[in-house]
Engineer: 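What follows is a single structure, and I will ask about it in a moment.
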Amino acid sequence: MLGDFRLEDWAAFIFFIAAWIGYGRFADTLPARGVIPSGPPRNLNAAMHRIRRQWMRRMVSRHDRIVDVVLTGHTVNSIAFFASTSMIVIAALVGMLSASQNAFRVLESVGFAAQTSQFAFQMKIIGLIALFATGFYKFTWALRQYNFLCALIGAAPTAQSHPASDLVDRFADHASRMLSLALTSFNGGIRAFYFAVAWLAWFIHPFAFMAVTAFMTGLLYWRQTRSDSKVAINAYLEMLERGE
């Protein structure tokens with residue numbers, strides 16, 4: 001059965017896995033515990049981790065933390081939306097798998113699509129289901145981590161107690177790390193949606209699969225390193241860490 005996949009199919013699949021793992025390691029790696037990063041951040045996620053640390057430090061000094069609660073709740077709603085969307089897509093793909101014979105005939109009628117077997121077609125659908133299932137897992141784990149963050153915020157030192165500077169710093173380190181871990185899971189779920197678009201190209205041709213995978217990886221890399229958002233965040237982070 002696996003012989004239904006040609007050499008270029010295996011090459012495209014290996015390229016996809018390498019791009020998924022390689023970009024994930026680049027984008028999701030956080031500083032080691034207890035290490036306060038300095039110098040220019042290597043990507044947007046690293047810069048945002050340092051911004052979150054400043055956020056948690058300033059939250060301690062606020063008497064009213066309604067703004068922090070609203071910001072946290074807004075992100076939780078976004079994560080819940082994507083988690084439910086993932087389940088809808090998975091259900092649709094399972095339905096497509098049950099009617100794969102008809103879908104396969106439609107694909108065969110597309111003149112520019114590479115010829116493949118029905119078994120290979122079904123395996124590609126299963127792979128797409130696995131991608132969205134991965135996204136669903138990451139979204140739900142992000143929600144759980146946000147619950148942990150809420151507990152940390154609830155236990156944060158109050159401004160009225162005039163906490164020592166080292167206590168504020170330790171709290172900011174732990175809370176910002178939990179927030180970054182939650183958003184790293186969220187970003188991983190969003191990334192599954194991007195790479196699912198690349199996976200769809202495999203139904204057309206393995207070389208199209210490789211090309212769209214490279215495009216998606218390049219787009220995500222550019223956003224992390226060269227986008228206007230990265231420039232703006234870096235500029236403000238520099239101001240914050242200089243104490244301006």
Engineer: Counting only heavy atoms not in Arg144 (residues, nucleotides, ligands), do more than 12 fall under 6.0 Å from its CZ?
Structural biologist: no
Engineer: Considering the options Phe193, Phe136, Trp20, which one meets the side chain to side chain contact (heavy atoms under 4.5 Å, CB included) requirement together with Leu131?
Structural biologist: Trp20
Engineer: Heavy-atom distance under 4.5 Å between the side chains of Tyr236 and Ile51, does that happen here?
Structural biologist: yes
Engineer: With side chains defined as the heavy atoms from C-beta onward, is the minimum distance between Leu240 and Arg58 less than 4.5 Å?
Structural biologist: yes
Engineer: Is Arg6 salt-bridged to Asp9, going by a charged N under 4.0 Å from an acidic O?
Structural biologist: yes
Engineer: With sequence neighbours excluded, what pairs up with Trp141 under the ring pair (Phe, Tyr, Trp, His ring centres under 6.0 Å) test?
Structural biologist: none
Engineer: Please report the interatomic distance CD(Gln54) to CG(Leu237), rounded to the nearest 0.5 Å.
Structural biologist: 7.5 Å
Engineer: Does the side chain of Trp55 come within less than 4.5 Å of Leu179's, by heavy atoms?
Structural biologist: yes
Engineer: Any side-chain to backbone donor/acceptor pair from Thr140 onto Tyr137? Under 3.5 Å, distance only.
Structural biologist: yes
Engineer: Check the surroundings of atom CZ in Phe15: do more than 12 heavy atoms from other residues, nucleotides or ligands lie under 6.0 Å from it?
Structural biologist: yes
Engineer: Salt bridge (charged side-chain N to carboxylate O under 4.0 Å, His left out): which pairs involve residues 174-194, sequence neighbours left out?
Structural biologist: Asp28-Arg191
Engineer: A quick test of your reading: do over 12 heavy atoms of other residues, nucleotides or ligands sit less than 6.0 Å from CZ of Phe13?
Structural biologist: no
Engineer: Measure the spacing between CG of Leu143 and CD of Gln145 and express it to the nearest 0.5 Å.
Structural biologist: 9.5 Å
